[in-house]
Structures are given as structure tokens and as C-alpha cells.
Amino acid sequence: MLYEIEIRTNKEFEIIDITSKVQKIVEESDIQEGIAVIFTKHTTTALIVNENEKGLLSDIEFLLRNIIPRGKGYMHDKIDNNAHSHLRAILLNPSIVIPIKDKKLELGVWQSILFVELDGPRFRKVIVKLCSC
Ligand code: ZN
């Protein structure tokens with residue numbers, strides 16, 4: 001079973017909580033126990049599991065902007081003006097794996113699945129693959 005989540009982002013940098021969308025896919029599947037693989041199909045986006053708290057989301061943006069500032073003479077900027085977006089993406093993850101138990105994502109109380117847009121606004125696709133095991 002392969003599912004797709006479509007995400008329309010609105011800003012250059014944006015963090016979008018997709019936990020409820022993934023949980024809905026799990027609930028509507030026939031998987032009782034197994035794993036969910038969530039994968040973003042883009043080179044300037046990422047997925048993380050962390051707390052969806054407004055201040056923390058700002059801190060993540062602050063951290064990435066400071067570690068990898070825009071326009072530092074990157075080679076990729078000569079052909080596509082978004083080297084900083086690619087470089088920020090490689091510090092994060094293109095995919096995450098979450099266990100499923102009793103038709104629910106086994107996330108901790110403060111854990112959310114966060115989609116990170118690093119070069120928006122754009123139309124994005126995230127793949128969800130569910131496996132029974
Ligand atoms: Zn590029």
C-alpha cells in the first residue's frame with residue numbers, strides 16, 4: 001500500500017504538521033501492526049519528528065538559517081539560486097519510519113511528524129508506505 005499526501009506550501013521556510021494526515025491513512029488501512037515509512041520526494045524539503053510548539057519551530061528556522069546562510073558563494077547558486085535550501089535539507093532527513101500498533105502511530109506524547117519546506121512556496125508530495133510486520 002502506497003499513499004500520497006499533497007502539500008501546498010506558502011512560504012520560503014515553513015514547517016507543516018502532517019501527523020493527522022498520516023494517522024488517517026493508517027486508520028483507513030488494514031494494517032494493525034507494522035511500520036509506516038514517510039518519504040518526501042524533493043531535494044529541498046525534509047521530514048522530522050519533533051514537538052509542534054510555535055517557539056521551537058521558530059528556533060529550528062533560526063538554527064538552519066544560521067548554520068547555512070543564503071548566498072555564501074555556493075556553486076549551485078550559479079545554475080539554481082537555492083543552494084542554501086539543498087544544504088539545509090541534507091542536515092535533516094528525507095524519510096522517517098514510525099511503528100504502528102493497534103492501528104495507531106506509536107508516537108510519543110510530544111512527537112509530531114513535521115514536513116519542512118526549505119524552498120517554497122511550492123506544491124509538494126510526500127509518500128506514505130505501510131507495511132505489516
Ligand atoms: Zn537547486
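Since we're looking at a predicted model, the values are computed, not measured. Only this structure's heavy atoms are used, side chains among them; waters, hydrogens and symmetry mates stay out. Starting from 1, each residue takes its place in the sequence as its number. Both counts, for ligands and for their atoms, begin at 1 and track the order of listing.
- Take a cut-off of 2.8 Å around the Zn ion (ligand 1): the protein N, O or S atoms inside it are His76 NE2, Asp80 OD2, Asn82 OD1, His86 NE2.
- Of the candidates Asn52, Asp17, Asn50, Ser112 forms a side chain to side chain donor-acceptor pair (under 3.5 Å) with just one, namely Asp17.
- Although no hydrogens or angles enter the test, the distance criterion places a donor-acceptor pair under 3.5 Å between the side chain of Thr19 and the main chain of Ile113.
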Please report, to 0.1 Å, the donor-acceptor pairs under 3.5 Å made by any side chain of residues 99-107, with sequence neighbours excluded.
from: Lys103; atom 1: NZ; to: Ser29; atom 2: O; distance (Å): 2.2

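- Sequence neighbours left out, not one pair with a member in residues 26-56 passes ring-ring contact (aromatic ring centres under 6.0 Å, His included).
- Through direct or relayed side-chain contacts under 4.5 Å between Ile, Leu, Val, Met, Phe, Trp and Tyr, Ile79 connects to no other residue.
- The salt bridge (Lys or Arg N to Asp or Glu O under 4.0 Å) test with Arg124 singles out one residue from Glu6, Glu4, Glu117, Glu14, and that residue is Glu117.
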